[in-house]
There are 2 protein chains.
Amino acid sequence: MRTSNFTPDLTDNQRKVLDFIQRFIAIYTVPPKLQEVAEGIGISSRGVAHRYVQALVEAGYIETDSGKHRGIRLLKSNPYRPESRLPLLGEIAAGKPIEAIPGQDEIDLSEFFGHNNFAVQVKGDSMIDAGILDGDTVIIEFRETADDGDIVVALIDENETTLKRFKRSQRGKYIKLIPENSEMEPMVYEAERVRIQGVLIGQLRKY
Amino acid sequence: MRTSNFTPDLTDNQRKVLDFIQRFIAIYTVPPKLQEVAEGIGISSRGVAHRYVQALVEAGYIETDSGKHRGIRLLKSNPYRPESRLPLLGEIAAGKPIEAIPGQDEIDLSEFFGHNNFAVQVKGDSMIDAGILDGDTVIIEFRETADDGDIVVALIDENETTLKRFKRSQRGKYIKLIPENSEMEPMVYEAERVRIQGVLIGQLRKY
DNA sequence: TTGCTTGTTCTCATAATGTTCTCATTATAG
DNA sequence: CTATAATGAGAACATTATGAGAACAAGCAA
């Protein structure tokens, strides 16, 4: 519970409130309202929460937009920034223990969270040979164009949506949508019938 | 890019509306009308929906083609989405356009970033039937015990590390490490020779 | 065109939130 | 012990945010 900030000018509870506000913002991206602050530190009075918040204002840790809902602003940077990186420990199944390779590298998932991205849950086995199983979640970048070989979310006849590998015919008149499953056949459509909704940029699965 | 030092320029419901509009466009490819916005956030008044939409216009998030039906255009996406969550659009590949999953409209990846987790890059095809391909990244929770059926990172003879499905023999004297690849055979070791380093909790792939 | 739908502008109410108090209780220093 | 600071509850009030719906204008389709 010890943090790097040593703040002797705050009481324990004021410290607790500041801590809560920082964590709240990290999680929800918006500051808490007084009711939430109160609950966050285990009391029931908005008035008391307000008193703590004012103390933090006077101590110079935060500002408030007086009257506005969720009007708290942090003045110093938030130590609880959400993490989107993980230590990457090296390749597995090689001859050495994992521990022998200290975390010198990390993997950054922030590109998964871009503004035009969304996640879709996959139903069915049509992409099983590409390692995309029924129930997996795929991450799609919202785009209207794709390159040959991309895996795309395609809308057919403004009606049916599928995840397939994309290929254009030589003159661009037809579009071939190729399942990655040896038991299924590629489908060919006139280009006008197919609209790209997005391109696969990632895939993930929770166990 | 989102920092912590700001007061939200949108109220809770205004954010909800922005979120709804983005999701609506992703699903139906056209912007919603006010009636749909109203229903989308659980109110019945077109007038109120209009007020929210106007607030978003003034905040610079959207534009409207004044008077036109479905005249909303997105300008910038909302910065209020935490970097560990993605909008989740529902299941793909069924016969219909993507539908939202009721009750669950985003996926949260924050559990991937726990302190005891690390990422490992997979080498080889031994888990290919489980949809884990060569080059994939798996997310491991650092643990020393596992249950039967878990996929684990196991260290054999303090020397060799592999990713396999874990199974204990009835008396616990032996441990079977099962590859998910029909061309490979399970391996059996005396329990002392195998040490669990972690358990698979997630898997991801970048394209 | 006609008739219906949709967007826009209002007013009126109500709920939710921030703010300021008073009063009581607990912890702590001296 | 007493004095003081810190804490908690909650009432009362002001302001902000929200919701319903009427009335009218503008778009849209048959």
Side-chain angles (χ1 to χ4, degrees), chain A residues 1 6-22 24-25 27-75 158, chain B residues 6-22 24-25 27-75 78 80:
Chain A
M1 171 55 202
F6 183 51
T7 53
D9 51 338
L10 298 182
T11 69
D12 287 359
N13 277 2
Q14 288 164 6
R15 171 87 238 162
K16 208 163 146 191
V17 169
L18 179 58
D19 217 57
F20 172 79
I21 292 171
Q22 291 171 337
F24 192 99
I25 292 176
I27 295 172
Y28 299 107
T29 72
V30 290
K33 30 194 189 193
L34 291 178
Q35 179 76 52
E36 291 162 339
V37 171
E39 285 164 9
I41 63 166
I43 62 176
S44 69
S45 162
R46 270 166 25 226
V48 174
H50 181 263
R51 189 203 287 149
Y52 284 125
V53 166
Q54 282 314 304
L56 293 174
V57 169
E58 275 159 38
Y61 288 92
I62 61 178
E63 276 177 353
T64 57
D65 231 330
S66 188
K68 268 189 78 177
H69 297 184
R70 299 191 188 280
I72 294 173
R73 217 189 346 269
L74 288 178
L75 291 181
E158 303 291 326
Chain B
F6 73 110
T7 324
D9 56 352
L10 301 180
T11 68
D12 289 5
N13 277 4
Q14 287 164 9
R15 273 184 280 125
K16 209 163 148 192
V17 168
L18 179 57
D19 226 59
F20 172 79
I21 292 171
Q22 291 184 328
F24 191 98
I25 292 177
I27 295 172
Y28 299 105
T29 70
V30 293
K33 43 194 181 187
L34 290 178
Q35 179 74 50
E36 290 162 339
V37 171
E39 284 164 9
I41 63 166
I43 62 176
S44 68
S45 161
R46 265 161 35 222
V48 174
H50 180 264
R51 189 204 287 150
Y52 284 127
V53 166
Q54 281 315 302
L56 293 176
V57 170
E58 274 161 38
Y61 289 95
I62 61 178
E63 267 178 357
T64 57
D65 252 336
S66 188
K68 289 266 179 63
H69 298 182
R70 299 190 189 279
I72 295 173
R73 265 193 310 278
L74 287 175
L75 290 183
N78 75 25
Y80 296 104

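Throughout, protein chains are lettered first and strands after them, A, B, ... in sequence-line order, and every chain is numbered starting at 1. Values in this document were obtained by computation on a predicted structure and should not be read as measured data.
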| query | Hey, what do you get for CD1 (B:Ile41) to CZ (B:Arg15), rounding to the nearest 0.5 Å? | reply | 12.5 Å
| note | Interatomic distance, CG@A:Leu10 vs CG@A:Leu18, rounded to 0.5 Å, equals 6.5 Å
| note | Residue set satisfying salt bridge (charged side-chain N to carboxylate O under 4.0 Å, His left out) with A:Glu63, at least two apart, ordered chain then number -> A:Arg73
Roughly, in whole Å, what's the span from [atom1] in [X] to [atom2] in [N]?
X: A:Ile21; N: C:dG18; atom1: CD1; atom2: C1'; answer: 14 Å
X: A:Glu58; N: C:dT19; atom1: CD; atom2: C1'; answer: 14 Å
X: B:Lys16; N: D:dT18; atom1: NZ; atom2: C1'; answer: 11 Å
X: B:Lys33; N: D:dC28; atom1: NZ; atom2: P; answer: 12 Å
X: A:Leu10; N: D:dA6; atom1: CG; atom2: P; answer: 11 Å
X: A:Leu34; N: D:dA17; atom1: CG; atom2: P; answer: 14 Å
X: B:Asp12; N: C:dA16; atom1: CG; atom2: C1'; answer: 10 Å

| What is the minimum heavy-atom distance between B:Pro31 and B:Ile25, and which atoms define it? | CA-CG1, 3.7 Å
| task | Just report the end-to-end axis angle for the helix from C:dT1-D:dA30 to C:dG30-D:dC1, five pairs per end, to 10 degrees. | result | 40°
| message | What I'd like to find out is whether the side chain of A:Gln22 reaches to under 4.5 Å of the side chain of A:Leu74, using heavy atoms alone. | response | yes
| Taking C-beta and beyond as the side chain, do B:Asp12 and A:Lys33 meet within less than 4.5 Å on heavy atoms? | yes
| message | Test of understanding: with ring-ring contact (aromatic ring centres under 6.0 Å, His included), list the residues that count as partners of B:Phe20, not counting sequence neighbours. | response | B:Phe24
| remark: Contact check, residues 66-74 of chain B vs DNA chain C, heavy-atom distance under 4.0 Å, returns B:Ser66, B:Gly67, B:Lys68, B:His69, B:Arg70
| query | Looking at residues 35-54 of chain A, who's got a heavy atom less than 4.0 Å off DNA chain C? | reply | A:Arg46, A:Gly47, A:His50
| How would you list all residue pairs meeting salt bridge (Lys or Arg N to Asp or Glu O under 4.0 Å) that involve residues 34-43 of chain B, not counting sequence neighbours? | B:Glu36-B:Arg70
| task | Could you tell me whether B:Asp19 and B:Lys16 have a side-chain N and a carboxylate O separated by less than 4.0 Å? | result | no
Under 3.5 Å, sequence neighbours excluded: what are the donor-acceptor pairs made by side chains of residues 42-60 of chain B?
residue : atom : partner : partner atom : Å
B:Ser45 : OG   : B:Gly47 : N            : 3.2
B:Ser45 : OG   : B:Val48 : N            : 3.1
B:Tyr52 : OH   : B:Asn13 : ND2          : 3.0

| Closer than 4.0 Å, any side-chain N/O of B:Thr11 to the OP1 or OP2 of D:dT18? | yes
| B:Asn13 vs D:dG19: side-chain N/O to OP1/OP2 distance below 4.0 Å | yes
Can you name the atoms? Protein N/O to nucleotides 26-30 of chain C N/O, anything below 3.5 Å, with the distance.
none

